[in-house]
Amino acid sequence: MIARTRRRVLRAAKMTVGRVATNGLLWSIIGALVLGSGLALAAQWALGQRIETNDKVLAAPIDITKLALTVVAGVGGVVALVVAYRRQRDLEHGRFVERFGAAAAQLGNTDVAIRIAGVYAMAGVADESRGLRRQQCIDVLCGYLRLPYDAEHGTSGRTKFVVKAPRVDHGRVSGETEEHVEYRQNDREVRQTIVRAIADHLRPQAEHSWSNSNFDFRTAHLEDADFSHTTFSGSARFQGATFSGNALFVDATFSGTTQFRDAMFSGTTTWFVSATFSGITWFEDATFSGTVSFQGADFGTKVISFSEPKRWGPPTPKFDWDKNTTRKPANVEPRNWPPTAASTAHAE
């Protein structure tokens, strides 16, 4: 049923693209013919006005006509190039729709191996695309990470969990109820493959760089995420994200607006060592536990806020100015350092 539906969707997409391409090409050809005829008449009239003809020489008007047709032929060549470009663009769009749909279908498959193949297929489509099409592929990969996820079943081969309980009606047991909970089999490996694919495209050695794109990891659960040596030139949104295991942003660069508001760093190690923040960055309402270090980080000149964290250790996150708060950059908030955890402030 799923395969039949997928084929119908892809067939409908192909037919739609084909109709759009045919109609667009037809109107381009009609427009070219009308424009060519108009240019021929206009060129003949304009050349006749500027070039003096001799009635004794019969070839003179013919020469004007030939010259006019030559001008039109040159314009026609340009029009032909435009038509060819539009046709090629329509073909590329149809190919993108087909490949994008196939990769998305793989990501939605129940088999873990097919979903992993879908990750690389979607990354491949992004590599061959630019602008909004590339962003669309990246949004799908980030969207997968935002799906509900139970870390306890991340490596489990279980696909369904059934809970049975007696049905009580007016104090009497009458049958039983069943609650079915479905899981994506071995989803941890798929999710970590997505993180690795994204991080690899954000590093300097990437053949196809995605650094200028936007990344939306809001509410995502990220396990052992390694974004070391990456560059986020667009917006990076990690609001409400949960980091478990190791969260590594060593030597990472954030050039655009960066959001870690309400994020939870609850893993073993969280390192922003030698990271660079040149855009506005929010860590407000974040939870910091485990070993957290911002040592060697460059906080630039724009606002970097750590105000009202939900938790500030222990152990306390490490900064270069821990022993001398006068070294804290003026753009790093709050002014009164260290920040006071929201729970502590309410208790007081």
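Keep in mind that what you see is a predicted model, and the values were worked out from it rather than measured. Position 1 is the first residue of the sequence, and the numbers go up from there.
- When the ring-ring contact (aromatic ring centres under 6.0 Å, His included) test is applied to F283, the partners found at least two apart in sequence or on another chain are F260, F272, F294, F306.
- In this view, D224 satisfies the salt bridge (charged side-chain N to carboxylate O under 4.0 Å, His left out) rule with no residue, not counting sequence neighbours.
- Contact of the Y144 side chain with the D187 side chain is registered, since non-hydrogen atoms from C-beta on lie closer than 4.5 Å.
- With sequence neighbours excluded, the residues satisfying ring-ring contact (aromatic ring centres under 6.0 Å, His included) with F96 are F100.
- Using a 4.5 Å cut-off between side-chain heavy atoms of Ile, Leu, Val, Met, Phe, Trp and Tyr, L248 falls into a hydrophobic cluster with V250, W271, V273.
- Partners of T268 according to the side-chain hydrogen bond (donor to acceptor under 3.5 Å, both in side chains) rule, which considers only residues two or more places apart in sequence or in another chain, do not exist here.
- Shown here are the side-chain hydrogen bond (donor to acceptor under 3.5 Å, both in side chains) partners of T326, two or more places apart in sequence or in another chain: N324.
- A donor-acceptor pair under 3.5 Å is absent between the side-chain atoms of T316 and the main chain of G313, judged by distance alone.
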Identify all side-chain donor-acceptor contacts of residues 133-140 below 3.5 Å with residues at least two apart in sequence or on another chain.
| from | atom 1 | to | atom 2 | distance (Å) |
| --- | --- | --- | --- | --- |
| R133 | NH2 | H93 | ND1 | 3.1 |
| R134 | NE | A126 | O | 2.9 |
| R134 | NE | S129 | O | 3.1 |
| R134 | NH1 | S209 | O | 3.0 |
| R134 | NH2 | A126 | O | 3.4 |
| R134 | NH2 | D127 | O | 3.3 |
| R134 | NH2 | S129 | O | 3.0 |
| Q135 | OE1 | N214 | N | 2.9 |
| Q135 | NE2 | D139 | OD1 | 2.8 |
| Q135 | NE2 | N214 | O | 2.9 |

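- Contacts of D200 classified as side-chain hydrogen bond (donor to acceptor under 3.5 Å, both in side chains), with partners at least two apart in sequence or in another chain: R203.
- Grouping the Ile, Leu, Val, Met, Phe, Trp and Tyr side chains by contacts below 4.5 angstrom, directly or via other members, places V292 apart from W282.
- No more than 12 heavy atoms of other residues, nucleotides or ligands lie within 6.0 Å of CD in E207, so this atom counts as exposed by the packing criterion.
- A salt bridge links E189 with R196; the closest basic N to acidic carboxylate O contact falls under 4.0 Å.
- Between R237 and D216 there is a side-chain heavy-atom pair separated by less than 4.5 Å.
- Qualifying salt bridge (charged side-chain N to carboxylate O under 4.0 Å, His left out) partners for D285, counting only residues two or more places apart in sequence or in other chains: none.
- Taking R99 as the reference, E128 meet the salt bridge (charged side-chain N to carboxylate O under 4.0 Å, His left out) condition, with sequence neighbours excluded.
- Of the possible donor and acceptor atoms, none in the side chain of T276 sits under 3.5 Å from a partner among the backbone N and O of F254.
- H221 meets the ring-ring contact (aromatic ring centres under 6.0 Å, His included) test with Y149; sequence neighbours excluded.
- Under the 4.5 angstrom side-chain criterion for Ile, Leu, Val, Met, Phe, Trp and Tyr, L132 has no cluster partners at all.
- No salt bridge links D320 with K328; every basic N to acidic carboxylate O contact stays at or beyond 4.0 Å.
- N331 places a side-chain N or O within donor-acceptor distance of the main-chain N or O of F299, the cut-off being under 3.5 Å.
- In this structure a side-chain-to-backbone donor-acceptor pair under 3.5 Å is present from S211 to T231.
- Between the side chain of R146 and the main chain of F217, no donor-acceptor pair closer than 3.5 Å is present.
- S266 approaches T242 most closely through the heavy-atom pair OG-CG2, 4.4 Å.
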Apply the test side-chain contact (heavy atoms from CB on, under 4.5 Å) to residues K302 and T281: give CA-CA distance (whole Å), side-chain angles for both, the deciding distance (0.1 Å), then the verdict. CA-CA 8 Å; K302 295 186 178 180; T281 305; over 6 Å; no

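- Salt-bridge formation is not detected for the pair R191/E223: no Lys NZ or Arg NE/NH1/NH2 atom is positioned less than 4.0 Å from an Asp or Glu carboxylate oxygen.
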